[in-house]
Structure formats: C-alpha cells, structure tokens
Amino acid sequence: MRLYDLIQQNKNLRFIDTVSGKSSMVTEFHKSIAIENSQGLGFVYSDNQIDSIEVFLNFLESNFTISLLNAQLNIQFKQSLEDIYQPYYIYDASRTEIKGYKKCSVSESITLFKRKTKQENPINKDIKLLLSTSGTTGNPKFVKLSDNNLVKNAMSILDYMPIKSDDVVPLNIPITYVYGLSIFTTNCIKANTIVCTNKDILQKDFWEDFKTYKFSTLSGVPYAYEMLNRIGFFKKEHEFLQYMTQAGGKLSKKLISVIIAYSKKHKIPFYTQYGQTEAAGRIAFLHPNDLLNRKYSIGKPIKGGRFELKEDTNELIYYGENVFGGYAQGLDDLASFNTSNKLFTGDIAKKDEDGYYYIVGRIKRIIKLFGTRINLDEVELILKNNLVGETFICTGIEDKYLSIVHLNKKLTDDSIKKILREKLNLHSSSIMIKCIDKIPLTANGKIDYQKTRELTII
Amino acid sequence: MNTTEQLYKVIAKALDISTEIITDQLEYQSIVEWDSMSHLILVEALETAYNIEIETEDILEMSTVAKLKDVLKKKNIEMI
C-alpha cells in the first residue's frame, strides 16, 4: 500500500490549524487541490502550517515527485534550486510571483505556481520524494526516496513507538527535515490529531496549544531538549504527555541524567533514535527500558534493518528496505533510482557484547550545529565564493563550534561571520576563526583536518 | 544607571544584529536572527548584564523588545 493510502485509511485522522483553531478531517484533503494527472516535479516550500500539509498530502496522492523544502530558505537559494530542477509546480506562500510561472488559485487560501512550459526531462517513477541533505545551504544535492522507502520506515517505527489511536501530536519539527517527516508519516498513519504549527517551544502560544489540545508527545533534537530544560519543563508534571522522542545527535551527559530522572518519576518513556535522510528517517532506537544502563548507545537497528561494521574503518553500515535510491545533483539524476539495501552511514561505531551500538566518530565531513546538519565542504565553498576566492578550511568542534582557518591577514572575522549569518543563519558565538601562515598537511599532502582543528582551539 | 542604549547593545550583541534595527516592536521570530537559539543567548546576556535571574514564564514572555523591557521593569530595572 502507498504511504498516501495508509494515511487515508486512518479515517479518524484530523489536522488542526492552530492559527484559526479550525480542524479538517484527512478525507477533506483528498484531492482537495487540482493537480494535473501527469508525472513531473513539484517543489513544496513547507512551514508545517496546515496549508503546507494540505499541499503535501495532495502531491503525495498525485503522480508527481515532491521536493519538500524549507519555506525559510534564502530566496537566492530557492531561485538557484528552481533553475537547476525546473519544477512544474511550486508551492511557496511567501512569494506572489515567480518568473516563468503562472499563478493558480487552487483553494481559498492556497496558490500554486505552474510552469509555463512543461519540462520534458524524464523522472524515474520510483522517486516519490526528494529531501535536501542540508536544510539551509541551498545545496542542490537531494536524497532520492521512493514511496516504498517511506512506507517501510514508517512501519518499522510504528513497531516500537507507542503511538495510540487517540494521540494528539504537534508538528514541532519541520517536516522538511527527515526526523520531522517521520513523525508526520507515522502519526498520520496511526494517531488521531496532528497539530499543524510553526510555533516553537520558546513561544507562549506553543505552550497554550500544548494545554488546549493536550499534546500526547513532544519530540526534539538535543538542542530543543536543552531549551526544554532551560525553561523548566522537566520540573513540572504534564498530565497528558505520554512519551517523548529525540533524534538528531547526542544529548549531553548532564541533560540525559535530567531526562532519565524525569522519565522515571513521571513514567514518561523516552525514545532516543538514530537516523539519516538517506534512510528515509530512522535507523536505530534505544528502548526506553535501556536508557538507564546504556544511555550513550544508539540502541539496536529498527525492525527490518541490520547493522554491520566495516572491517578496516569500523564505519557503520546499515541494511534495510528504507535505504534511498541515490543522490541527485541536477535534473539528469532524476532519471534513475538505484534500489539498494545498503547504506554507508559515514559514522564510526562500536558494538558491545549485548549487541548495542555506539557512535564514536564520523567519517563524513559534516557537523551538527543546533541540530542542523552542516556540510563543511559546502561551508568552505560558500565562503570562497563570497570572499573573492580565499581558501578556507572548516572543521567542527564537538558539534558545538564551527572552526574556520584562513590565510589572509587582511580578512576580518566580522566579514566571515557576516556571510555565515546571511547565508546559513549561523550565530557568531558558534564560530571560531583563526588566521594562520600555512595550512597543515598530512604526510601524503592532504589537508590535515585534525591539526587544523587544533589550531583554532588554542 | 541603565540606559536604553546599553540595553540595545546587549540585545544587538546577543542577536548578532545592528542596534539600528532594534525597536520596541521588534518581535521574536520576525527576523531570522532572533530565533530560538539566539533567544536563549539573549536571556543569558541579560542575566549577566543586569545580574538577574530570568524565569521560565519571563523567557516565554519576552516576545518583543517592549515586552522584554517590561520583564526587566518587573525586576526593578528601568531604562532612562
């Protein structure tokens, strides 16, 4: 069965718009938007509000391939993605016109942009969804996912997540981010109410909705849990809360102790999960019963998946039907979908004697700042392109800081920070910059990232 | 003596913005720079600058610069 049919099968499912307080049954969204009965690509710039959800569901039903993108993406990034992929449809509530597109009002509040000339490039029918590998850099690299990938992953999650048919679930994580998407798909299949909102946990309105709609669950990346802790969430009892989930990186030791204590005291199971966009969502989870004794473990693979450690590097390899069908860097890449069950995660792991896995390092050049995946090579390129071809070397310091090393003494820290602020919305307090004389190289002449990183710490 | 000018400097540094765009009406999440992350940096910066503790309700209450001033006022920090 297709993801869309599984969602429609949940007849009691309703969506609440927190702005108007109105609710809509899932059946009301069935073919509620006129989309041509053909194949092609649709860009959906989503902000988790009810209109985005309605558009997304309609595209899921259609034969179109969907690219789910963050509505807050920088406008230049949006335009360059559209130039590269030439989508037939665009949903973007923030724009009133797009060159080369005509406006179609498809419902009272929703407007789609339709391309004036139809793109003839073939799209492989197995590609249902394209997700960005990075939510913010505007990199055109997309992860190609099939409907089967999404369904298989949702089913594996439903096997362990205690979702009940009367649950009320807020979309407090963007659905353009694979973790948010998996919360969306699984709860659409099994829960009762999805609360569509773009309010965050530092807004009073969010907590008013929390009480009004009686949220059954909350989810977050480590940084969101830091915020919850800061605002005293774990000091209070929350009557309607049933369980909590976390993904997107490691929790700090201090925070995990707070959560364990809270979870025990109030009998709120806490699910910590490991996942990747390339696996359509989740890959492993730690059962709440194991939280106390294996708090730093990512647990065991989800149902239907298995792990292997690469012999020479200990890279974690995942096998499962949720593994993606390759990357796309441009239109031509949409012609193929390579079904593969094998995913090189880019993370280095170890396994204990009881079969629990632990992430101990990373092979890929990515860091996570405040839960957002940042590709260091992309940051280097963005800086280079915006600062007249200077050389920059970026490394990460424990997912807390982005370290930047360069060679130009005339370059001010502020000019670098300004670009990162504009392009990637990175706060200057998370950036460390150092100007050096010579780039450290390894014995075989490659950049020595380890040494470079150490240079900024001193 | 606490001045609005000082306060705006604290806000500007925490949010990574220029003091020129700060007004009473400036709202949380209305500019990309004032997001959840910088909001907590702002809370910390205010705590340090005025030697106060800001509680949960007040963190959520400070959704505009004007409301932020109200929170400070409650703590006997008035701007001249």
Side-chain angles (χ1 to χ4, degrees), chain A residues 47 70-75 77 94 135-136 172-174 197-211 220-236 368-372 400 413-414 416-431, chain B residues 6-75:
Chain A
D47 61 3
N70 189 335
Q72 287 184 324
L73 200 65
N74 180 306
I75 181 75
F77 287 153
S94 73
T136 49
N172 66 312
I173 296 180
T197 179
N198 62 359
K199 293 278 177 278
D200 66 55
I201 54 180
L202 291 186
Q203 282 169 300
K204 240 167 100 180
D205 290 353
F206 181 85
W207 297 106
E208 274 160 20
D209 291 339
F210 181 77
K211 281 191 199 129
V221 296
Y223 184 65
Y225 278 95
E226 296 282 353
M227 291 197 270
L228 286 176
N229 192 28
R230 178 64 185 83
I231 62 170
F233 179 86
F234 296 113
K235 288 185 188 140
K236 290 183 210 148
K368 282 186 178 171
L369 281 183
F370 306 99
T372 308
K400 280 196 183 123
D413 288 3
D414 281 348
I416 298 173
K417 286 176 176 173
K418 189 165 171 271
I419 285 163
L420 294 174
R421 173 50 110 181
E422 278 171 17
K423 301 287 178 190
L424 305 174
N425 197 26
L426 289 180
H427 195 279
S428 59
S429 66
S430 54
I431 301 166
Chain B
Q6 281 171 347
L7 173 67
Y8 281 14
K9 272 189 190 157
V10 174
I11 298 174
K13 186 156 187 268
L15 302 185
D16 227 358
I17 55 175
S18 127
T19 48
E20 286 151 34
I21 65 163
I22 302 174
T23 62
D24 274 349
Q25 290 75 40
L26 188 66
E27 207 178 342
Y28 175 62
Q29 294 291 14
S30 68
I31 50 170
V32 287
E33 290 90 350
W34 195 353
D35 59 9
S36 56
M37 182 203 144
S38 58
H39 193 63
L40 286 192
I41 294 175
L42 175 62
V43 169
E44 252 178 62
L46 293 170
E47 287 182 329
T48 314
Y50 298 105
N51 196 21
I52 49 168
E53 251 182 70
I54 300 174
E55 299 84 26
T56 306
E57 282 69 27
D58 290 334
I59 295 176
L60 304 181
E61 196 61 57
M62 299 186 329
S63 56
T64 63
V65 171
K67 286 184 179 168
L68 183 154
K69 285 179 181 168
D70 290 342
V71 168
L72 292 177
K73 202 169 165 185
K74 238 177 35 186
K75 298 186 180 292

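Computed from heavy atoms alone, side chains included, the values below leave out hydrogens, waters and symmetry copies. Residue numbers begin at 1 in each chain, while the letters A, B, ... track the order of the sequences. Predicted model, so just to flag it, every value in this text is computed and none were measured.
Contact of the A/S429 side chain with the B/I41 side chain is registered, since non-hydrogen atoms from C-beta on lie closer than 4.5 Å. Residues B/L7 and B/L46 have side chains in contact (heavy-atom distance under 4.5 Å, counting atoms from C-beta outward). Looking at heavy atoms from C-beta onward, B/Y28 lies out of side-chain contact with B/L68 at the 4.5 angstrom threshold.
Heavy atoms from other residues, nucleotides or ligands lying under 6.0 Å from NZ of B/K13 number 12 at most.
With a 4.5 angstrom heavy-atom cutoff, B/Q29 touches chain A only via side-chain atoms. With a threshold of 4.5 angstrom between heavy atoms, A/R230 approaches chain B through its backbone and through its side chain. Contact of B/D35 with chain A is made through the side chain alone, with heavy-atom distances under 4.5 Å. With a 4.5 Å cut-off on non-hydrogen atoms, A/K199 does not touch chain B at all. Within the 4.5 angstrom heavy-atom criterion, no atom of B/S63 approaches chain A. Contacts between A/L426 and chain B at a heavy-atom distance below 4.5 Å involve the backbone alone (N, CA, C, O).
A/K423 places no side-chain N or O within 3.5 Å of a backbone atom of A/N74 that could act as its donor or acceptor partner. At distances below 3.5 Å, at least one donor-acceptor pair connects side-chain atoms of B/E47 with backbone N or O atoms of B/I54. With hydrogens and angles disregarded, a donor-acceptor distance shorter than 3.5 Å links the side chain of B/S38 to the backbone of B/E33.
Among the residues in residues 14-26 of chain B, those with a non-hydrogen atom closer than 4.5 angstrom to a non-hydrogen atom of chain A are B/A14, B/L15, B/D16.
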Going through the distances and angles, do A/D200 and A/M227 end up as a side chain to side chain contact (heavy atoms under 4.5 Å, CB included)?
CA-CA 10 Å; A/D200 66 55; A/M227 291 197 270; over 6 Å; no
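When every heavy atom of B/M62 is checked against every heavy atom of B/W34, the shortest pair comes out as O-CZ2, 3.7 Å.
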